[in-house]
Amino acid sequence: MSGEAWLFLFSVIMAAVLLFTAVYFIIMFSDLEVDYINPIDLCNKLNQFVLPEMAAHAFLTLLYLFSFQFTALTINLPLVAYNINKVVNKNHLYDATEIFRTLSVHKKESFIKLGFYLAYFFYALYRMILALVADE
């Protein structure tokens, strides 16, 4: 197996993990909406996943940069830039006192990330299969 095949195999796995993280965020926001969870518990549970999710996606993007996979880099760069902007402006963590006011924005962001990670999962799967076929 070539380095490209290993890279995209790792990408498929990471995309699946990020996809499940996005689904978890959506489920938690829905639970808050119907009052199954209180805002403090929600923020405590979700805040522990915010930075690892962003770091995993940034690491994956750096791997594309170092392996000269410019198409994959171009696809991932806007979301990485958005995440960096959120961290720099210090609005990446969820605040229990403002979560009800900003719930619709957070849900919308989670659905957009879900769509992105789902599309990216299939792109990485396609590129992995192409790399494996090219090896033979």
ask   = Looking only at heavy atoms, what is the nearest atom pair of Asp95 and Thr97, with distance?
value = OD2-OG1, 2.8 Å

task = Check whether any side-chain heavy atom of Phe49 sits under 4.5 Å from a side-chain heavy atom of Phe25, and report yes or no.
result = yes

Point-to-point distance, once rounded to the nearest 0.5 Å, from NZ of Lys45 to CG of Asp31 = 8.5 Å

message = I need the Ile13 CD1 to Met128 CE distance, nearest 0.5 Å.
response = 8.5 Å

query = Are Asn38 and Asp41 close enough that a side-chain donor and a side-chain acceptor fall under 3.5 Å?
reply = yes

request  = Kindly work out whether a path of hydrophobic side-chain contacts (I/L/V/M/F/W/Y, heavy atoms less than 4.5 Å apart) joins Met54 to Phe116.
outcome  = no

task = Check Ala96 against Pro39 and note the closest heavy-atom contact, atom names and distance.
result = O-CB, 3.7 Å

query = Run the side chain to side chain contact (heavy atoms under 4.5 Å, CB included) check on His106 and Leu46 step by step: do they pass?
reply = CA-CA 11 Å; His106 293 309; Leu46 293 186; over 6 Å; no

inquiry  = Less than 4.5 Å apart, side chain to side chain, heavy atoms only: is that true for Val87 and Leu51?
reply    = yes

key: Side chain Asn76, main chain Ala72, donor-acceptor under 3.5 Å   = yes

key: Non-hydrogen side-chain atoms of Glu109 and Tyr82 separated by less than 4.5 Å   = yes

Distance (rounded to the nearest 0.5 Å) between Leu132 CG and Arg127 CZ = 12.0 Å

Value rounded to 0.5 Å, distance of SG in Cys43 from CD in Gln48 = 12.0 Å

message = Testing the 3.5 Å rule here: is there a donor-acceptor pair between the side chains of Tyr123 and Thr71?
response = no

message = For the residue pair Tyr24 / Glu53, report whether a side-chain donor-acceptor contact shorter than 3.5 Å exists.
response = no

request  = Taking all heavy atoms of Phe8 and all of Ala124, pick out the closest pair and write down the distance.
outcome  = CB-O, 3.9 Å

inquiry  = Please give me the minimum heavy-atom distance between Tyr117 and His57, naming the atom from each residue.
reply    = CE2-CD2, 4.0 Å

message = Hydrophobic clusters here meaning ILVMFWY residues chained together by side-chain heavy-atom distances under 4.5 Å, can you tell me if Phe66 and Leu9 are in one?
response = yes

ask   = In terms of hydrophobic clusters joined by side-chain contacts under 4.5 Å, are Phe111 and Ile27 together?
value = yes

remark   = Given the options Leu73, Ile75, Thr74, Leu77 meets side chain to side chain contact (heavy atoms under 4.5 Å, CB included) only with Leu73

inquiry  = Side chains of Lys113 and Asn83, heavy atoms from C-beta outward: is any pair under 4.5 Å?
reply    = yes

message = Contact between Leu130 and Glu4 at the side-chain level, heavy atoms closer than 4.5 Å - yes or no?
response = no

ask   = Heavy atoms, side chains only, cut-off 4.5 Å: are Tyr120 and Phe122 in contact?
value = no

Leu42 vs Ile99 side-chain heavy atoms within contact, under 4.5 Å = yes

ask   = Is Phe10 linked to Leu62 within one hydrophobic cluster, defined over Ile, Leu, Val, Met, Phe, Trp and Tyr using a side-chain heavy-atom separation of less than 4.5 Å?
value = yes

query = Less than 4.5 Å apart, any side-chain heavy atom of Lys107 and any of Ser30?
reply = yes

query = For the residue pair Ser110 and Ala22, what are the closest heavy atoms and their distance?
reply = O-CB, 4.3 Å

inquiry  = Tell me whether Val80 shares a hydrophobic cluster with Leu118, the cluster being built from Ile, Leu, Val, Met, Phe, Trp, Tyr side chains joined at under 4.5 Å.
reply    = no

Sub-6.0 Å ring centroid separation between Phe20 and Phe121 = no

note = Tightest non-hydrogen contact, residues Val50 and His92, listed as CG1-O, 3.2 Å

key: Given Phe100, Tyr36, Tyr94, the one that forms ring-ring contact (aromatic ring centres under 6.0 Å, His included) with Phe29   = Tyr94

